[in-house]
Amino acid sequence: MDARIAVLASGTGTNLQALLDDPHVGHSIVLVVSDKPGAAALERARMRGVKPVVLQPGHYASREGFDQALTALLEEEAIEFVLLAGYMRIVGIATVRAFRDRILNVHPSLLPAFPGAHPVRDVLTWGVRVTGATVHLVDEEVDHGPIVLQEPVLVLPEDDERSLHLRIQEVEHRLFPQAARLLAEGRLKVEGRLVHILEGLD
Ligand code: GAR
């Protein structure tokens, strides 16, 4: 598989690490972009010789200006696929349109349940017994695009936000590289909300 992949990350970057470590996907990651100058994800990129770039929203006059700068950067770097690995900003319409069906997001709940910024906390507040991880294509609405892969995680009585999130992330670290590989190999066929996986899962 020979593709040019960018990963966008705001935080710790454990999902980025799982992607970098994946034998099929890792070598195709050529750019890591963060909106946070101190994000540990940037150091993970440096350690692997992957170009780290900081794009701070506060440096742009408008949301659209930031969005255009991000899209331009991705195009300058000849990026084909974009992976949102704990990227805590809404991707703007210009980027979504430029990379239609080529952006994946990982989210720590079973979408469409519990979208938003605090899904693990919300799950515990609601008292649901089963949650999980979702990898989906990004469209113009938040946490909304067609679902590629999902896997459940049981909520245990003794769970707090941290313990539950850690178990969900273990699943994410498997699911996200798998979905990224399917996308980069051209094995996802999108029909409305449905994503067909060509040749099945490996
Ligand atoms: C992950 O659990 C990811 O699903 C979540 O942030 C975490 C980042 O962890 N993303 C969202 O909540 C996006 N709505 P990481 O930085 O260690 O990969």
Side-chain angles (χ1 to χ4, degrees), residues 5-22 25-26 29 31-48 50 52-55 57 63 67 70 81-93 95-96 99 103-126 128 130-156 159-181 183:
I5 298 176
V7 178
L8 276 52
S10 302
T12 319
T14 63
N15 276 285
L16 166 64
Q17 194 65 52
L19 292 162
L20 288 167
D21 290 344
D22 185 83
V25 175
I29 298 170
L31 178 69
V32 170
V33 183
S34 184
D35 54 328
K36 299 267 185 332
L42 293 164
E43 190 50 33
R44 293 182 194 268
R46 271 184 216 106
M47 296 280 286
R48 283 299 171 91
V50 175
V53 174
V54 178
L55 269 194
R63 191 180 276 261
D67 191 24
L70 175 61
F81 304 102
V82 180
L83 307 176
L84 309 183
Y87 185 62
M88 302 311 276
R89 287 185 58 80
I90 295 169
V91 174
I93 285 176
T95 314
V96 172
F99 290 87
I103 309 177
L104 284 178
N105 181 43
V106 64
H107 184 81
S109 77
L110 290 179
L111 290 172
F114 302 102
H118 309 289
V120 182
R121 194 183 309 165
D122 296 344
V123 154
L124 290 168
T125 306
W126 267 89
V128 300
V130 182
T131 182
T134 302
V135 181
H136 67 95
L137 289 159
V138 172
D139 66 8
E140 285 85 348
E141 291 178 56
V142 178
D143 298 334
H144 174 271
I147 291 165
V148 178
L149 294 176
Q150 257 180 336
E151 197 174 299
V153 172
L154 292 181
V155 181
L156 304 177
D159 265 328
D160 57 18
E161 191 174 345
R162 184 178 152 72
S163 65
L164 180 55
H165 200 166
L166 280 174
R167 280 207 313 291
I168 294 170
Q169 281 176 318
E170 276 178 34
V171 174
E172 292 181 341
H173 298 163
R174 243 183 320 104
L175 242 50
F176 203 14
Q178 196 179 10
R181 180 184 176 190
L183 177 68

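Every number for a ligand or one of its atoms is a count from 1 in the order of the listing. Quick note: numbers below take in every heavy atom, side chains included, and nothing from hydrogens, waters or symmetry partners. Here, residue 1 is the first one in the sequence, and each next residue gets the next number.
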When rounded to the nearest 0.5 angstrom, what distance separates CZ in F99 from CG in L137?
14.0 Å
Protein heavy atom at shortest distance from atom 10 (N) of ligand 1:
V106 O, 3.7 Å
For atom 13 (C) of ligand 1, the protein heavy atom that lies nearest, with its residue and separation
M88 SD, 3.8 Å
Heavy-atom proximity to atom 11 (C) of ligand 1, best of P108, G13, P115
P108
No-hydrogen, no-angle side-chain donor-acceptor test under 3.5 Å, D160 and S163:
yes
Atoms of ligand 1 under 4.0 Å from any heavy atom of G86, numbered from 1 in the order shown, are 6 (O), 8 (C), 10 (N)
Protein heavy atom at shortest distance from atom 4 (O) of ligand 1:
E172 OE2, 2.5 Å
Between OG1 of T95 and CD1 of I103, what distance do you get to the nearest 0.5 Å?
6.5 Å
Approximate separation, where rounding is to 0.5 Å, of I29 CD1 and L20 CG
4.5 Å
Distance from L175 atom CG to E170 atom CD, nearest 0.5 Å?
13.0 Å
Sub-4.0 Å heavy-atom approach of A9 to ligand 1
no
Scan for side chain to side chain donor-acceptor pair (under 3.5 Å) pairs involving residues 35-44, sequence neighbours excluded, and state none if there are none.
S10-D35, Q17-R44, E43-R46
Looking at I90, I want to see if its CD1 is surrounded by more than 12 non-hydrogen atoms of other residues, nucleotides or ligands under 6.0 Å.
no
Under 4.0 Å from one or more heavy atoms of H107, ligand 1 contributes atoms 4 (O), 14 (N)
Ligand 1 and T14, any nitrogen or oxygen pair closer than 3.5 angstrom?
yes
Shortest heavy-atom approach to atom 9 (O) of ligand 1 - which of R89, Q17, Q169, H173:
Q169
Working to the nearest 0.5 Å, report the span between CG of L164 and CG of L156.
8.0 Å
For Y87 and ligand 1, does the shortest N/O to N/O distance drop below 3.5 Å?
no
If we only count N/O pairs under 3.5 Å, is H165 in contact with ligand 1?
yes
